[in-house]
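Read through the structure below, which is laid out as structure tokens, and then see the notes.
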Amino acid sequence: MKSKELLLQNSLTKKKEVFKPINEGFVGMYVCGPTVYSDVHLGNVRTFVSFDIMYRFLLFLGYKVRYVRNITDVGHLLDDGEDRISKGARADKLEPMEVVQKYTNGFHKMMDIFNTKKPSIEPRATQHIIEQIEMVQQIIDNGYAYEANGSVYFDTLKFNEEKKCYGKLSGRVIDELLVETRDNLKNQSEKKHPSDFAIWMKAAPDHLMKWNSPWSVGFPGWHLECSVMSTKYLGETFDIHGGGNDLKFPHHENEVAQNVGACNCQPCNYWLHTNMLLMNGRKMSKSDGNTITPQQLFTGDSPHITKAYSPMVIKFFMLQSHYSSTNDLTDDGLLAAEKGYKRLMEAQKTLEGLVSKDSSAELDADINKPLDGFIDEMCDDFNTPRAIAQLFDLVTKINSLKEGHLDINKVSNSTLTRLKTDFPRYIDEVLGLTNESDGGNTAALDEVMQLVLELRQDARAEKNWGVSDKIRDALAAANITVKDGKEGSSWTMN
RNA sequence: GGUCGCGUGGCCGAGCGGUUAGGCAGAGGUCUGCAAAACCUUGUACACCAGUUCGAAUCUGGUCGCGACCUCCA
């Protein structure tokens with residue numbers, strides 16, 4: 001475990017702070033998961049990849065992490081008051097839970113494709129209805145919620161008067177919310193104040209998902225589930241809470257209010273928000289055609305791109321920008337990422353073949369500096385773009401060592417061993433990038449290629465360029481690139 | 001309308017008072033039968049206008065442009 005301090009940009013204080021876990025060596029992290037009513041959006045991927053990197057790095061630093069990411073399967077209202085899941089169920093003529101299962105499966109599959117680690121706990125809102133009803137009661141008992149016609153609303157005015165913290169996270173002032181909030185929600189008249197929000201909703205007779213409660217047959221408000229499940233699995237106050245920055249208001253703000261209203265304590269010490277994924281400079285939006293699905297990216301079937309891109313290339317592309325900045329997805333950007341990613345993967349293979357006679361340690365510092373630098377950059381609020389720059393510094397060194405521009409014998413055995421251990425670990429364990437071309441290289445293909453390259457080498461020895469080039473061209477047509485180096489030829493699958 | 005953020009070289013994208021970000025593309029070179037790869041060298045970059053400072057892409061004010069949130073959203 002490194003002794004380096006980890007810095008986090010805390011949305012709550014708007015400052016970069018040294019991370020201090022509540023319990024030494026342990027981290028409790030909650031991230032708002034997806035609402036499973038349709039296929040995963042590419043934007044979801046960026047957010048969950050970002051938090052996956054944080055999770056991985058915390059583990060790398062030696063923390064024992066409990067990572068909770070929920071599945072929202074109820075309570076998310078549309079403008080017309082209908083539940084998203086119910087709407088999906090009606091549209092697909094399915095049971096609501098069938099909809100939930102279908103898209104949960106799809107979500108999991110996509111997370112696997114992007115090689116993210118599974119959370120420690122993945123709770124669902126509908127599995128915690130009892131706990132949610134209990135929290136509603138607690139909030140009512142504490143005087144921060146009121147019942148109106150079977151629904152229960154959070155009393156933001158009273159809460160703010162006493163706790164003075166409503167709006168702190170999202171930087172809003174409650175008096176302004178009064179003017180700003182549009183009166184287009186159902187049951188608006190039941191609320192005492194426009195900024196009040198439902199924590200329990202009475203269901204209409206034809207509503208598909210509803211449960212019994214002391215107030216009515218109904219369903220919990222959307223914001224409640226995260227308050228309840230984070231408290232249940234991580235405690236009343238835990239370390240890190242994450243989510244997309246579009247959830248800051250109202251979702252996270254209301255979450256804080258509920259937790260403080262119920263337990264009289266802040267839900268977490270550090271709030272981390274990821275920024276949005278854009279495409280061609282604008283937020284992805286289905287309505288104006290400015291959108292692309294992960295599937296389209298994999299197949300190249302979209303007017304926005306010129307070719308197919310693999311999941312790891314897309315992931316690498318995302319990691320080249322900081323999680324808190326917007327990330328603009330473009331074809332040119334993807335193309336550049338693809339080449340860089342391949343270069344990184346090639347260096348990893350090259351590294352395996354390096355051997356040192358251990359005659360001096362002259363170059364050790366040059367190797368160790370970027371190796372340490374990677375950790376330093378990651379410790380600085382998970383700065384993946386800078387960490388990757390350190391990796392590319394090493395790529396150049398590895399290639400120079402192989403080509404003999406740098407003398408491998410001037411690297412001590414212990415440093416070379418460290419390089420061989422840490423470089424792949426950074427790529428695989430911390431960044432979660434896997435070498436995709438490995439899958440195609442079976443042992444049989446290896447043997448065949450060895451033979452082919454030997455035959456070609458024979459032809460080259462006889463200066464029979466016709467045969468030599470014919471082999472190379474034919475292989476190129478089969479998507480195999482031959483490279484002639486000083487110590488013989490090598491090959492890679494494209 | 002309110003709140004917040006951003007405008008960096010051909011493209012993507014870090015940095016955020018003085019020191020090379022990095023990737024991709026371009027140019028020159030080394031190597032090579034040729035090619036590819038690799039390595040070395042290389043570029044006029046910080047929207048605009050004022051100001052603070054010995055010194056600003058980085059701080060302050062203004063102008064223009066863009067975006068996000070305020071309503072479901074990762």
Side-chain angles (χ1 to χ4, degrees), chain A residues 14 31-35 37-38 40-51 72 76-80 82 84 167 170-173 176-177 179-182 184-185 195 222 242-251 253 273-278 281-286 316-317 319-322 324-344 346-347 350 373 377 383-393 395-406 460 463-465 468-469 472-473 476 481-486 489-492:
Chain A
K14 290 160 187 69
V31 172
C32 292
T35 304
Y37 65 98
S38 68
V40 202
H41 183 83
L42 231 206
N44 291 295
V45 173
R46 146 107 136 152
T47 296
F48 299 128
V49 161
S50 296
F51 286 111
T72 296
H76 227 150
L77 289 182
L78 297 168
D79 280 350
D80 60 6
E82 185 164 11
R84 277 181 184 277
S170 57
R172 269 153 237 262
V173 180
E176 287 170 3
L177 285 169
V179 198
E180 289 158 23
T181 310
R182 294 180 199 171
N184 62 352
L185 290 173
S195 67
W222 169 41
N245 78 178
D246 50 351
L247 292 183
K248 225 189 243 182
F249 190 88
H251 184 56
E253 191 65 65
H273 285 99
T274 56
N275 214 132
M276 298 292 100
L277 181 69
L278 310 179
R282 283 183 304 134
K283 186 178 175 180
M284 284 199 193
S285 153
K286 284 178 187 168
F316 180 72
F317 170 79
L319 295 182
Q320 279 188 295
S321 71
H322 189 80
S324 65
S325 301
T326 49
N327 185 200
D328 193 7
L329 190 86
T330 59
D331 193 53
D332 286 345
L334 251 11
L335 229 33
E338 182 171 56
K339 296 201 175 177
Y341 167 75
K342 282 187 175 164
R343 192 158 157 247
L344 191 60
E346 276 300 304
T350 303
E377 299 298 0
N383 196 326
T384 51
R386 289 188 77 85
I388 288 171
Q390 299 294 319
L391 251 26
F392 276 106
D393 184 2
V395 167
T396 301
K397 299 239 160 67
I398 289 166
N399 286 330
S400 296
L401 251 14
K402 187 209 173 195
E403 296 286 319
H405 297 120
L406 288 176
R460 293 180 72 213
K463 298 204 191 298
N464 189 344
W465 311 128
S468 150
D469 288 353
R472 189 171 62 196
D473 292 347
T481 307
V482 174
K483 296 173 198 166
D484 298 330
K486 280 205 172 96
S489 307
S490 63
W491 63 282
T492 49

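Keep in mind that what you see is a predicted model, and the values were worked out from it rather than measured. Every chain is numbered from 1 and lettered A, B, ... according to where its sequence line falls, protein lines coming before strand lines.
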So which nucleotide from [options] ends up closest to the side chain of [X]?
X        : options                : value
A:Asp246 : B:rG23, B:rC69, B:rC34 : B:rC69
A:Arg386 : B:rC70, B:rG22, B:rG15 : B:rG15
A:Asn245 : B:rA68, B:rC40, B:rA21 : B:rA68
A:Thr274 : B:rA74, B:rG23, B:rA14 : B:rA74
A:Arg472 : B:rA35, B:rC72, B:rA21 : B:rA35
A:Pro250 : B:rG15, B:rC72, B:rG13 : B:rC72
A:His322 : B:rG33, B:rG67, B:rA14 : B:rA14
A:Glu403 : B:rG22, B:rA36, B:rA38 : B:rA38
A:Leu247 : B:rA14, B:rG33, B:rA74 : B:rA74

- Parallel, tilted or perpendicular, as decided by the 30° and 60° cut-offs, for the rings of A:Tyr341 and A:Phe316: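 Tilted, since the angle between the ring planes falls between 30° and 60°.
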
What contact category does [X] fall into here, base, sugar-phosphate, or nothing, at under 4.0 angstrom with non-hydrogen atoms?
X        : result
A:Leu277 : base
A:Asp328 : sugar-phosphate
A:Phe317 : sugar-phosphate
A:Gly43  : base
A:Val45  : nothing
A:Ser468 : base

- For residues A:His251 and A:Cys32, report the shortest heavy-atom separation together with the two atoms involved.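 Residues A:His251 and A:Cys32, closest heavy atoms: NE2-SG, 3.6 Å.
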
Within the structure, does a side-chain N or O atom of [X] lie under 4.0 Å from either OP1 or OP2 of [N]?
X        : N      : result
A:Lys339 : B:rA25 : yes
A:Asn275 : B:rC6  : no
A:Arg343 : B:rC39 : yes
A:Lys283 : B:rC69 : yes
A:Ser490 : B:rA37 : no

Rounded [atom1] spacing from [N] to [M] in Å:
N      : M      : atom1 : value
B:rC31 : B:rC40 : C1'   : 11 Å
B:rU32 : B:rC39 : C1'   : 13 Å
B:rG29 : B:rU19 : P     : 32 Å
B:rU53 : B:rG10 : P     : 33 Å
B:rC48 : B:rU8  : P     : 10 Å
B:rU41 : B:rC34 : P     : 24 Å
B:rG15 : B:rC6  : P     : 11 Å
B:rA56 : B:rG2  : P     : 34 Å

Which one is paired to [N], where only Watson-Crick or G-U wobble pairs with both distances under 3.5 angstrom count?
N      : result
B:rC11 : B:rG23
B:rG17 : none
B:rC4  : B:rG67
B:rC59 : B:rG51
B:rA38 : B:rU30

- Message: Need to verify one output field. Residue with the more 5' nearest nucleotide on RNA chain B, A:Thr330 or A:Gly244?
- Response: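 Closest to the 5' end, via its nearest nucleotide, is A:Thr330.
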
- Starting from the 5' end of RNA chain B, give me the residue, A:Asp393 or A:His251, whose nearest nucleotide shows up first.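 Of the two residues, A:Asp393 wins.
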
- Task: Would you say whether A:Phe48 stacks on B:rA74? The test is a distance between ring centres of less than 5.5 Å and an angle between planes of less than 30°.
- Result: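 No, aromatic ring not over the base.
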
- Evaluate the salt bridge (Lys or Arg N to Asp or Glu O under 4.0 Å) criterion for residues A:Glu346 and A:Lys483: first the C-alpha distance (whole Å), next the side-chain angles of each, then the deciding distance (0.1 Å), finally the verdict. CA-CA 12 Å; A:Glu346 276 300 304; A:Lys483 296 173 198 166; 3.7 Å; yes

- Item | Under 3.5 Å side-chain donor-acceptor pair for A:Ser324 and A:Asn275 |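 A:Ser324 vs A:Asn275: no donor-acceptor pair found between side chains.
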
Side-chain donor/acceptor of [X] to base of [N], under 3.5 Å:
X        : N      : answer
A:Asp484 : B:rC34 : yes
A:Ser325 : B:rG13 : no
A:Asn464 : B:rG33 : no

I need the [atom1]-[atom2] distance between [X] and [N], as an integer number of Å.
X        : N      : atom1 : atom2 : value
A:Leu329 : B:rC11 : CG    : C1'   : 13 Å
A:Leu335 : B:rC12 : CG    : P     : 13 Å
A:Phe392 : B:rU20 : CZ    : C1'   : 16 Å
A:Gln390 : B:rA14 : CD    : P     : 16 Å
A:Lys248 : B:rC69 : NZ    : P     : 12 Å
A:Asp331 : B:rG23 : CG    : P     : 21 Å
A:Arg282 : B:rG67 : CZ    : C1'   : 11 Å
A:Arg172 : B:rG2  : CZ    : C1'   : 9 Å

- Task: Under the side chain to side chain contact (heavy atoms under 4.5 Å, CB included) rule, what do A:Arg472 and A:Asp484 come out as? Steps first, then yes or no, please.
- Result: CA-CA 10 Å; A:Arg472 189 171 62 196; A:Asp484 298 330; 3.9 Å; yes

- Message: Run A:Met276 and A:Asp246 through side chain to side chain contact (heavy atoms under 4.5 Å, CB included) and show every step you take.
- Response: CA-CA 8 Å; A:Met276 298 292 100; A:Asp246 50 351; 3.5 Å; yes

- Message: Set out, in order, the CA-CA distance, both residues' side-chain angles and the distance that settles side chain to side chain contact (heavy atoms under 4.5 Å, CB included) for A:Lys248 and A:His273, then state yes or no.
- Response: CA-CA 8 Å; A:Lys248 225 189 243 182; A:His273 285 99; 3.5 Å; yes

- Task: Would you indicate whether the side-chain heavy atoms of A:Val49 and A:Leu319 approach each other to under 4.5 Å?
- Result: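 Side chain of A:Leu319 against side chain of A:Val49, heavy atoms only: contact under 4.5 Å found.
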
- Message: If you count heavy atoms of other groups shown closer than 6.0 angstrom to NZ of A:Lys397, is the number above 12?
- Response: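 Atom NZ in A:Lys397 is crowded, with more than 12 foreign heavy atoms closer than 6.0 Å.
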
- Query: Got more than 12 heavy atoms from elsewhere within 6.0 Å of NZ, A:Lys14?
  - Reply: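 Yes.
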
